[in-house]
Amino acid sequence: MFGLLTGSADGHDLINRALIWLPLAVVSLSLHEFGHAATAYAFGDQTPKSDGRITLNPFAHLDFFGTLMMLLGPIGWAKPVRIDPSAMRGGRFAELVVSFAGPAMNLLLALLAAAGLKYLSFTGEYAGANDVLQVLFFLNIGLAVFNLLPIPPLDGGHIWPAILPRSLHPAYYHFLPYGMILLIVLVMWPGANSGLSQLVYTVARFIFGLLP
């Protein structure tokens with residue numbers, strides 16, 4: 001749903017975002033939402049299909065203001081996929097898989113980009129493809145990591161309650177109403193932003209290291 005991008009944009013950086021970051025962010029966020037929609041449909045929920053979300057067409061997934069913010073930074077978003085948990089086979093397990101499907105699509109994109117960087121060597125007039133692959137790699141690692149944080153309304157806000165021991169549930173649910181406040185602090189506070197960047201780079205090194 002959400003994507004934390006790099007800083008605010010002006011001048012040359014705004015042009016760079018429009019030409020490189022925006023198209024890749026649109027593709028990455030669209031595949032993220034497609035992952036949610038297709039997985040919910042696979043578990044029997046017809047809602048994503050009736051809403052026209054089981055498609056790779058970016059226009060079905062993009063939010064106007066979320067797309068505009070991708071240009072201006074530091075955050076962008078797509079329209080969340082509407083699901084009906086009561087219509088899905090598998091109960092709570094199905095909800096968990098659907099929530100993870102979006103970040104999983106980003107991790108898959110990151111892995112494909114990493115493979116391109118490791119095994120393909122673009123030179124000459126095609127050398128710019130290396131820059132595109134690098135942006136695609138880090139962008140999708142960032143999307144996956146950010147959305148897996150245990151803060152609602154991020155995907156992790158639905159995933160972590162199913163993973164945490166029941167003894168920790170009261171404390172977790174106690175801070176749920178403050179999810180949006182925490183999200184804003186995370187986006188705007190340089191200290192938190194820096195810590196998240198370090199986490200992204202750590203995960204990126206791990207993903208890259210998985211390739212033989």
*Check whether more than 12 heavy atoms from other residues, nucleotides or ligands sit under 6.0 Å from atom NZ of Lys118, and answer yes or no.*
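For Lys118, atom NZ is crowded (more than 12 foreign heavy atoms under 6.0 Å).
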_Does atom CZ (Phe65) have a neighbourhood of more than 12 heavy atoms from anything else shown, all under 6.0 Å?_
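Atom CZ in Phe65 is not packed in, count stays at 12 or less.
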Where [X] and [Y] come nearest, the two heavy atoms and their spacing:
X	Y	result
Gly35	Ala101	O-CB, 3.4 Å
Ala113	Leu133	CB-O, 3.6 Å
Gly52	Ala60	O-CB, 3.6 Å
Ile151	Leu183	CG2-N, 4.4 Å
Glu33	Pro80	OE1-CA, 3.9 Å
Ala40	Pro48	CB-CG, 3.9 Å

Measure the shortest side-chain to side-chain distance between [X] and [Y] over non-hydrogen atoms and say whether it is less than 4.5 angstrom.
X	Y	answer
Thr55	Phe34	no
Leu29	Leu143	yes
Leu62	Lys79	no
Tyr119	Leu211	yes
Thr47	Ile83	no
Phe138	Ser197	no
Leu154	Phe146	yes

State the [atom1]-[atom2] distance between [X] and [Y], to the nearest 0.5 angstrom.
X	Y	atom1	atom2	value
Asp63	Thr67	CG	OG1	6.5 Å
Thr202	Ile141	OG1	CD1	11.0 Å
Ser28	Asn140	OG	CG	3.5 Å
Asp45	Glu95	CG	CD	10.0 Å
Ile163	Phe100	CD1	CZ	8.5 Å
Thr39	Met88	OG1	CE	10.0 Å

_Donor on one side chain, acceptor on other, Asp84 and Ser86, under 3.5 Å_ =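 On atom types as modelled, these side chains qualify, holding a pair under 3.5 Å.
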*Side chains of His36 and Asp155: is there a donor and an acceptor less than 3.5 Å apart?*
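A donor-acceptor contact under 3.5 Å links the two side chains.
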*Is it true that a side-chain atom of Asn147 and a backbone atom of Pro103 form a donor plus acceptor pair closer than 3.5 Å?*
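No.
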Spell out, yes or no, whether [X] and [Y] are grouped together once hydrophobic residues are joined by side-chain heavy atoms under 4.5 Å, including indirect joins.
X	Y	answer
Leu148	Leu96	yes
Leu182	Trp77	yes
Ile207	Met105	no
Val203	Tyr201	yes
Leu210	Leu199	yes

_For a side chain to side chain contact (heavy atoms under 4.5 Å, CB included) check, start with the C-alpha distance between Leu31 and Leu109, then their side-chain angles and the critical distance, and finish with the verdict._
CA-CA 9 Å; Leu31 284 172; Leu109 269 177; 3.4 Å; yes
_Before you tell me yes or no, could you show the steps for Leu117 and Phe208 under side chain to side chain contact (heavy atoms under 4.5 Å, CB included), namely the whole-Å CA-CA distance, both residues' side-chain angles and the distance that decides it to 0.1 Å?_
CA-CA 9 Å; Leu117 287 168; Phe208 204 77; 4.2 Å; yes
*Audit row: Asp51, Arg82, salt bridge (charged side-chain N to carboxylate O under 4.0 Å, His left out) steps and yes/no*: CA-CA 8 Å; Asp51 288 347; Arg82 204 166 56 93; 2.9 Å; yes
